Amino acid sequence: MPELPEVETQVRDLQILVGHKILTVTTDTPKAFRPTFTIFQKCIEGKKILAIERRAKFLVFTLTKNWKMIVHFRMTGHFLLAKNSAPLEKCIRHFFQISGGTVLQFSDIRKFATLELVAPNTKSVSLEKLGVEPLDREFTFLKFREIIKKKKGKLKAFLLDQKNVVGIGNIYADEICFASSIHPAAEIQNLSEVDLKNVFREIKKQLKKGIRNRGTTIGEYVDACGQSGRNQLSLMAYKRHGQECQVCGTLLQKMKIVQRTTSFCPRCQIKI
DNA sequence: CGGACGGCCTGGGAGC
DNA sequence: TGCTCCCAGGCCGTCC
């Protein structure tokens, strides 16, 4: 599941496309495009890529005359850089022919991913409601405390909600809770100042570690060159229910929080 | 307003 | 071996 580190890794790999033109776009899954594939194709072909950036779990391509292409990978989407249009994987849905001979392929097993075209001087609805970027300098502990103090509910639900802090999904949420030694179902209101400091520190730490490891590969995520990430090799909690805690040896348990499978250590993460 | 839940999808694994 | 069923999950829309 591409979360902040996986999207960030892809964005960094795709920088070689900046300055190049999108010549053609083809698809066998037109449903993925907004507003429609026909309009998307008509407006995007011939435009130059001026910048590729990440905002939350979105990739934002800035094109000629400030047109934008906003991509969300959802569960299984990812880009692949290729030399020609021979599919590098089974589930290639879209092809972008780029000037200079590169083909940008888009793979997406479950067809949940979306590619949205945004006209100049138009706001993208999807980017409007997003919360703060956890790796920005302006995301300080004071800022974090200000955000979380306004909220009620379970810690994991807070971490997953993109209106609070962006970029955290099921994998990193479990890792952040574990590394903070806080139960994922702990009520936010019951967290102490020390707890908040730990959560704040681990949000930054776990996401940075994910980026350093070029992402977490569970199932299908790969970088733009088709290589797996390495972060799955050092996970402490995510999907480890039934296995021993690597700190205390207790068997990790699982539960559902906001419909998400959640793994945690009942001894290290004492419920508050 | 907010929490719960269904829908979107497909491949892989479990169970029979 | 082969069939069916269930599950994974980000995000949105709907309902209570």
Side-chain angles (χ1 to χ4, degrees), chain A residues 1-10 27-37 54-60 70-79 87-94 106-116 118 123-131 133-134 147-177 184-189 207 210 215-222 228-229 231-232 235 237-243 252 254-264:
Chain A
M1 296 95 247
E3 302 178 28
L4 187 151
E6 291 73 37
V7 178
E8 181 65 28
T9 300
Q10 284 252 319
T27 185
D28 66 4
T29 313
K31 270 186 74 172
F33 294 85
R34 308 278 187 278
T36 67
F37 177 66
R54 181 188 59 72
R55 170 73 176 110
K57 299 176 196 171
F58 293 86
L59 295 91
V60 181
I70 299 179
V71 178
H72 197 299
F73 290 148
R74 292 299 202 276
M75 313 300 304
T76 56
H78 57 267
F79 281 111
L88 293 176
E89 292 180 3
K90 270 188 288 186
C91 299
I92 305 293
R93 311 295 182 194
H94 328 302
F106 191 94
S107 171
D108 186 19
I109 294 175
R110 282 180 231 178
K111 301 184 179 177
F112 281 0
T114 54
L115 298 89
E116 181 190 6
V118 179
K123 288 195 173 173
S124 160
V125 187
S126 29
L127 300 186
E128 287 274 274
K129 307 151 280 182
L130 293 173
E133 283 289 337
I147 297 168
I148 200 168
K149 282 288 185 191
K150 288 181 197 154
K151 297 285 178 175
K152 292 187 290 188
K154 298 178 170 57
L155 175 60
K156 179 158 173 180
F158 172 86
L159 293 172
L160 290 175
D161 190 337
Q162 303 297 300
K163 291 194 288 297
N164 302 325
V165 180
V166 301
I168 301 166
N170 211 30
I171 299 172
Y172 294 94
D174 277 6
E175 295 302 299
I176 290 164
C177 290
E187 292 294 326
I188 287 172
Q189 294 145 298
L207 293 174
T216 303
T217 298
I218 305 275
E220 52 288 303
Y221 171 77
V222 288
S228 293
N231 205 53
Q232 67 281 4
L235 295 179
Y238 177 72
K239 260 194 178 169
R240 293 197 72 252
H241 49 85
Q243 299 177 45
L252 297 195
K254 76 167 169 176
M255 67 184 294
K256 287 265 186 188
I257 299 177
V258 282
Q259 338 286 74
R260 298 292 177 315
T261 303
T262 301
S263 300
F264 64 98

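It should be emphasised that the depicted structure is a prediction, and the values quoted were computed from it without experimental measurement.
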TODO: Determine the minimum heavy-atom distance between A:C177 and A:L155, stating which atoms define it.
DONE: SG-CD2, 3.9 Å
Task: Heavy-atom closest contact (A:D174 atom, A:S263 atom, distance) - done: OD2-N, 3.0 Å
TODO: Please name all residues satisfying side-chain contact (heavy atoms from CB on, under 4.5 Å) with A:A173, sequence neighbours left out, ordered by chain then number.
DONE: A:K156, A:L159, A:L160, A:I168
- [ ] Round to the nearest Å and state the distance from A:K256 atom NZ to B:dG6 atom P.
- [x] 11 Å
Open item on the list: How many whole angstroms separate atom CZ of A:F158 from atom C1' of B:dG3?
Closed with: 17 Å
TODO: To the nearest Å, give me how far apart NZ (A:K151) and P (B:dG2) are.
DONE: 7 Å
TODO: To the nearest 10°, let me know how far the axis at one end of the helix from B:dG2-C:dC16 to B:dC16-C:dG2 is tilted from the axis at the other, five pairs an end.
DONE: 60°
TODO: Test salt bridge (Lys or Arg N to Asp or Glu O under 4.0 Å) on A:E187 and A:K154 and set out the steps.
DONE: CA-CA 5 Å; A:E187 292 294 326; A:K154 298 178 170 57; 3.8 Å; yes
Task: Smallest separation among heavy atoms of A:R55 and A:G131, with atom names - done: NH2-O, 2.8 Å
Open item on the list: The criterion is side-chain contact (heavy atoms from CB on, under 4.5 Å); which residues satisfy it with A:I188, sequence neighbours excluded?
Closed with: A:I148, A:K151, A:F158
TODO: Respond yes when some side-chain nitrogen or oxygen of A:T261 is under 4.0 Å from OP1 or OP2 of C:dC7, and no when none is.
DONE: no
- [ ] Give the rounded distance in Å between these two atoms: OH of A:Y172 and C1' of C:dG10.
- [x] 15 Å
- [ ] Summarise protein proximity over nucleotides 9-14 of chain B in one line of letters, 5' to 3': B for base, S for sugar-phosphate only, - for none, counting protein heavy atoms closer than 4.0 Å.
- [x] BBS---
Task: A:E3 (side chain) donor-acceptor with A:N170 (main chain) under 3.5 angstrom - done: yes
Task: Length of the CG-P vector between A:L4 and C:dG10, whole Å - done: 13 Å
Task: Sugar-phosphate, base or nothing in reach of A:K163, heavy atoms under 4.0 Å - done: nothing
Task: Per-nucleotide protein contact string for nucleotides 11-16 of chain C, where B marks a base within reach and S marks sugar-phosphate only (heavy atoms under 4.0 Å, - for neither) - done: BS----
- [ ] Specify whether A:F73 and A:F106 have parallel, tilted or perpendicular ring planes, treating 30° as the upper limit for parallel and 60° as the lower limit for perpendicular.
- [x] tilted
Task: ring-ring contact (aromatic ring centres under 6.0 Å, His included) against A:F33, all qualifying residues, sequence neighbours excluded - done: A:F37, A:F40, A:H94
- [ ] Measure from CD on A:Q259 to P on C:dG10 and round the result to the nearest Å.
- [x] 12 Å
Task: Donor-acceptor contact below 3.5 Å, side chain A:R240 vs main chain A:Y238 - done: no
Open item on the list: If only side-chain N and O atoms count, and only distance matters, is there a donor-acceptor pair under 3.5 Å linking A:S126 with A:S124?
Closed with: yes
